[in-house]
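Order of the sequence lines sets the chain letters (A, B, ...), proteins ahead of strands, with each chain counted from 1. Both backbone and side-chain heavy atoms feed into the values below; hydrogens, waters and symmetry mates do not. Quick caveat: nothing in here was measured; it's all calculated off a predicted structure.
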Amino acid sequence: MSNHRIMDHPVLGKLEKTEEITFIFDGKSYTGFKGDTVASALLAHGIRQLRVQEESGNPRGIYCNIGHCFECRVTINHVEGVRSCMTPIEHNMVVESGRLQPVPFKSTEADKLPRTYAEFERGLHKEDDPHV
Amino acid sequence: MYDVVIIGAGPAGLSAAIACREWDLHVLVLDEFPKPGGRLLGQLHQEPSGEWWNGIQETNLLLEKAQKYDTDIRCGVSAYHIEKLEHGYAIHTNQGSFETENLLLATGAAESAVPVPGWTLPGVMSIGAAQVMTNVHRVKVGQKGIVVGVNVLSAAIARELQLAGVELHSMALPASNPATVQHSNPNTVMDGLVRIAHLAPSAFLRFGSKFAKASWVRRLAVKFYPKGGVKMWGMPIHIRKAILSINGNDRVESVTMCRINADGEQIPGTEENITVDFVCIAGGLYPLTELAAVIGCPFRYMEELGGHVPIHSERMETPLKGVYVAGNITGIESAKVARAQGELAGLSIAADKLKAHADLQQHVEDAVKLVATTRADATIQFHPHITDGRHKMEQAFQQTKSS
């Protein structure tokens with residue numbers, strides 16, 4: 001299946017082979033064992049990169065592997081932001097890596113906005129601002 | 001309505017569930033991970049007696065007992081909110097809400113991050129992540145790596161990686177920056193290293209660790225620490241070398257290492273590049289307490305216990321009626337202590353609910369003693385003053401109760 005599996009372990013013994021499960025990651029088909037998470041099944045194939053940072057496009061992979069850090073989030077069966085380290089693989093599951101996102105809400109007038117409440121009080125806001 | 005909902009199916013949660021089922025309480029155990037066992041699953045180390053502590057086997061023993069009592073354990077369930085009801089609590093999860101009279105928080109611990117430049121590259125992971133990949137999923141995290149951060153946990157897991165045939169270049173400190181203060185000072189790290197030296201198979205190192213009980217000896221040991229590191233299981237442990245950065249384009253390709261003086265300051269001109277394809281960052285553990293905060297448990301910060309901890313008694317009850325805690329949420333200790341605490345918490349819940357059973361009170365008292373002896377016998381002490389921390393916590397509980 002891949003050379004990243006620990007088949008023989010001096011204390012834990014031979015890896016008990018369980019049912020093979022086929023799933024899709026970014027359009028390509030991969031197999032893993034029943035009991036694998038999406039993250040472990042992909043790492044067994046040498047795949048480390050699971051997404052890019054939504055704004056910068058920098059590559060990211062697993063960090064904590066137990067569900068705390070959310071670094072490994074991917075899209076699974078069209079649901080976004082799912083932790084690959086906590087999700088067991090299933091037959092025909094469709095996994096997509098996290099992509100670069102548009103940033104439509106980024107302010108182009110950041111330096112004109114009040115940074116503190118004191119600045120806001122000093123009248124740096126516009127009188128007709130609908131958010132006041 | 002359940003008698004008790006237990007959040008966390010690690011050693012504490014499972015043994016609590018068994019104790020509650022033995023007294024025929026209506027119990028539900030929830031855990032976010034796909035398999036029960038928590039961090040116990042990944043554990044694998046040799047006891048001083050030569051016997052192996054195999055977390056998977058230990059988990060299976062607990063599960064067999066739990067199954068014997070027909071315990072309802074549900075995995076893949078994330079608890080994200082707890083609401084106070086008139087006579088109990090509602091646990092809100094991704095699989096619906098559960099109402100319960102009593103609640104046991106056995107959520108365990110999380111790993112502290114130690115930011116090093118380049119740490120977001122794929123191939124950089126926490127040391128615990130590597131442990132789970134290796135021993136639970138049986139997947140190699142890479143061909144050759146390096147461990148950043150020298151402490152009890154990272155030394156134990158480095159050994160586990162070696163056992164699985166994963167090569168490690170060495171263990172070294174993170175370079176000093178405002179976020180790495182605790183972990184980048186060689187003297188502080190040496191104090192911690194001395195506490196695990198008895199785990200090393202080298203008679204020389206064990207011999208040295210006796211002397212190192214005196215702090216002036218430890219200061220000298222840091223000053224004259226060998227450039228090649230001190231080897232544990234054949235792997236160099238460097239406390240006078242630090243990792244400045246992790247390098248690579250879209251994955252880890254190398255790290256930059258430099259020598260540091262006894263105060264952790266970089267020695268200029270000593271940088272070298274080391275080719276690795278993975279890096280494990282080890283910043284130690286802290287109690288995972290969000291759910292206790294959500295329901296309004298009062299907290300204390302105690303360094304000896306590993307961080308902010310919900311106030312609780314030695315019977316594992318919190319000042320909130322019907323809310324109990326057990327395991328690493330109460331302070332960082334070994335799985336054996338967590339297991340003993342879980343049993344105690346389960347018995348406390350049963351005793352508080354079934355007040356008519358006089359002998360239950362005796363079981364609770366015995367369980368309190370068992371926690372203390374398990375602590376005293378622990379092979380690995382995560383903090384040298386853990387017992388002081390426990391005493392302070394008991395005082396905090398009594399104060400909270402009387403006020």
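- With a 4.5 angstrom heavy-atom cutoff, A:H68 touches chain B only via side-chain atoms.
- When the candidates A:S40, A:G35, A:G61 are compared by the number of heavy-atom contacts under 4.5 Å with chain B, A:S40 comes out ahead.
- Annotation: side-chain contact (heavy atoms from CB on, under 4.5 Å) contacts of B:E47 (sequence neighbours excluded): B:H45, B:S49, B:W53, B:K336, B:T379.
- A donor-acceptor pair is defined here as one N or O able to donate and one able to accept, closer than 3.5 Å; no such pair exists between the side chain of B:S245 and the backbone of B:N247.
- Most heavy-atom pairs under 4.5 Å with chain A: of the set B:D250, B:V166, B:N54, this distinction falls to B:D250.
- The residues A:R99 and A:E54 are annotated as not salt-bridged, no charged nitrogen and carboxylate oxygen being separated by less than 4.0 angstrom.
- Contact annotation for A:N58: neither backbone nor side-chain heavy atoms come within less than 4.5 Å of a heavy atom of chain B.
- Looking at A:E71 and A:R83, no side-chain N of the basic residue comes within less than 4.0 Å of a carboxylate O on the acidic one, giving no salt bridge.
- The backbone N or O of B:L285 lies less than 3.5 Å from no partner atom in the side chain of B:S112, so there is not a single donor-acceptor pair.
- Residues from residues 130-138 of chain B that place a non-hydrogen atom less than 4.5 Å from a non-hydrogen atom of chain A comprise B:V132, B:M133, B:T134, B:N135, B:H137, B:R138, given in numerical order.
- For chain A, the option among B:Q143, B:Q57, B:R39 with the highest count of heavy-atom pairs below 4.5 Å is B:R39.
- Per-residue heavy-atom pair counts under 4.5 Å with chain B were compared for A:T37, A:V52, A:T87, and the maximum is reached by A:T37.
- Contacts of A:C85 with chain B are made by backbone atoms alone, with heavy-atom separations under 4.5 Å and no side-chain atom involved.
- A donor-acceptor pair under 3.5 Å is formed between the side chain of A:N65 and the backbone N or O of B:A129.
- For a residue to count as touching a neighbouring chain, one of its non-hydrogen atoms must lie under 4.5 Å from one of that chain's; by this rule A:A41 does not touch chain B.
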